[in-house]
Amino acid sequence: MKFLEKIVDKLEPNFEKGGKYEKWFPLFDGFATFLFTPKHTTKKGVHIRDAVDLKRTMNTVIIAMVPCLLFGIWNTGYQHYNALGLTEEFGVLDQILFGALKVIPVVIVSYVVGLGVEFGFCIAKGHPIEEGFLVSGMLIPLIVPADTPLWMVAVATIFSVVFVKEVFGGTGMNILNPALTARAFLFFAYPKQLSGDSAWVNMELPDGYSYAENGTVVLNELGQKVGQVDAIAGATQLSRFNASIGAMKDKAEELGEAVGANAQAFDAGLDKLAKKYELWESFVGVIPGSIGETSVIAILIGAGFLLHTGVGSLKIMLSGIFGAVFMTIIFNTAGLNPYMTVGPLEHLFAGGFMFGLVFMATDPVSAAQTEVGKVIYGFFIGLFCIMIRVFNPAYPEGMMLAILFMNVMAPLIDHYVIQNNIKQRLERLKLNTANH
Amino acid sequence: MSAKKESLFSKKNMKLIKDPLNDSNPISIQVLGICSALAITIMLENAFVMSMSVLFVLIMANVIVSVIRNMIPDKIRIIVQLVIVATLVITVDQILKAFVYEVSKQLSVFVGLIITNCIIMGRLEAFALGNKVGPSFLDAIGNAFGYTWILLVVGLIREVFGSGSLTMFGLEGLIPESWMIENGGFYEHNGLMLLSPIALFLVAGVIWVQRAKNRKLIEEN
């Protein structure tokens, strides 16, 4: 550490006003304060400083995401070999290696491009580097499928940094969550890569292996049958839920107006629904999905860390879960189609619900600021997420849209919470003066 | 007669053409006529035909209103303007249907909606009612081209990145087939470009660039 400090101290004069690389000061400053406590002294205003500044907060969130990242790396490899039926030939190490080769480039691209855009803006505008992208840069890779082409990740990152952060004035001013905006951009711009059953699991064969019998069997170099391709391995939990509605509609069409058609069609949907993953599988996370979203265990570890350090908001998380359960119970009671019979726990563990709730709904900038507002905000995220999932088959995962929607609504919620508070206090004041 | 008769192409009058192109652009500065910029810019050809229709309607309406400006009773001036604009729009609609049927099908109701295009009513109210025919004519040209260039820029970007073609120039498949992902390449058309919201982002981009270049345009909060 002393060694690093010396280097930084030695380099500093070059970047100060009048120095050789004056133009690059924001860049230097960004790195120096990333490593060490900033040396700036407060010039005006309150003089109390917390040891935990913005950069430390960001680092805390990144550390909280590490379990998800590690699990995602393994799961990417595992899903790949599992779908090909090759888990016996390729053990855990191979799976981790395959996953790492897929995931780490996405992380690098996201960081390099995102920070590059931020540095560019900082140098152009001459203000110090803002560290807001540190978290977004890690979130973006965790919420896309491992196979997303890297240039798409780059384009989406540029779009979200420019149009969601820089336009509104940089870190702390964004009205939407930048990582989710990047994902929304990808989802609408390149739907084939971001949704559907072929997006989630890589089906490329390892070197030397080949397909036989119409692509259902995998052969090794010697032509021996070693694996059986799992035809439905690519479907996520949510698309399996979704398939039940399709099955019901198909059956209903097939039966026409026949007596009892509705009940039979409903049963056909339920049959389809029986092919979903077991609850424990989606809890552990050995299911296809975006890189970091599958494992509820890893997310809970991260959530525990966030709550322990006080960075994440427990209110948002709990009220989000409550909102989702509330909506699920309403649907279960109605039970109008097979999807509506899916239970609350299965909804909570499927797709990106937990990941979004823990890491993105709690984003302190775009979430509601008032304490009562946080509860309302979280509740509606959960509620809308389940509602979008069940009602709109075009968007299998409602979490992204639910959070973005509530991001936009957050200032409104805060406004009414504050107005309400003012009104209550005024009334109390009136009452008090009347009594005297 | 007044001593000096102002020439039609005097400096003051040329400003009427130049200003709307940049510093008082109807779309990016006055934020008028945004709806059509969102709706019909998926293809460059549609954007071009739309712009030409607006150009025709705006010039004719401005000139006609300017000619009869002293005869229009103030209380019913909006009705008179609407009648004039509606007549012109219906004429344009019929011409499009007769000569470029395909495009007119794609533009669908938006040709009819030129009637409600804020730019046209705005120019009639703000300029043609109070100015002579010559300046009104120039003002119409300026504003129509201010509208046109933004539509063309947005249309160009949306068509090239959204469908990889420029049908206006007979260019299909600007992106080689072998680049596409389904043929083993890496490229994929951007589906967002086919949705209306992206036009708003592109117009926002134009607004941003314009204000970054000319800081006087930035409004105070």
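Chain letters run A, B, ... following the sequence lines, proteins first, then strands; residues in each count from 1.
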Within the structure provided, determine whether B/Asn190 and A/Phe185 are in side-chain contact (heavy-atom separation under 4.5 Å).
yes

Which atom names give the shortest non-hydrogen contact between B/Tyr187 and A/Trp151, and what distance separates them?
CA-CZ2, 3.9 Å

Under 4.5 Å, counting heavy-atom pairs only, tell me which of A/Tyr190, A/Phe188, A/Phe159 racks up the most with chain B.
A/Tyr190

Around B/Met52, counting heavy atoms of other residues, nucleotides and ligands shown, do more than 12 lie under 6.0 Å from its CE?
yes

Around A/Phe121, counting heavy atoms of other residues, nucleotides and ligands shown, do more than 12 lie under 6.0 Å from its CZ?
yes

If I measure from the heavy atoms of chain B, does A/Phe187 come under 4.5 Å with its side chain, its backbone, both, or neither?
neither

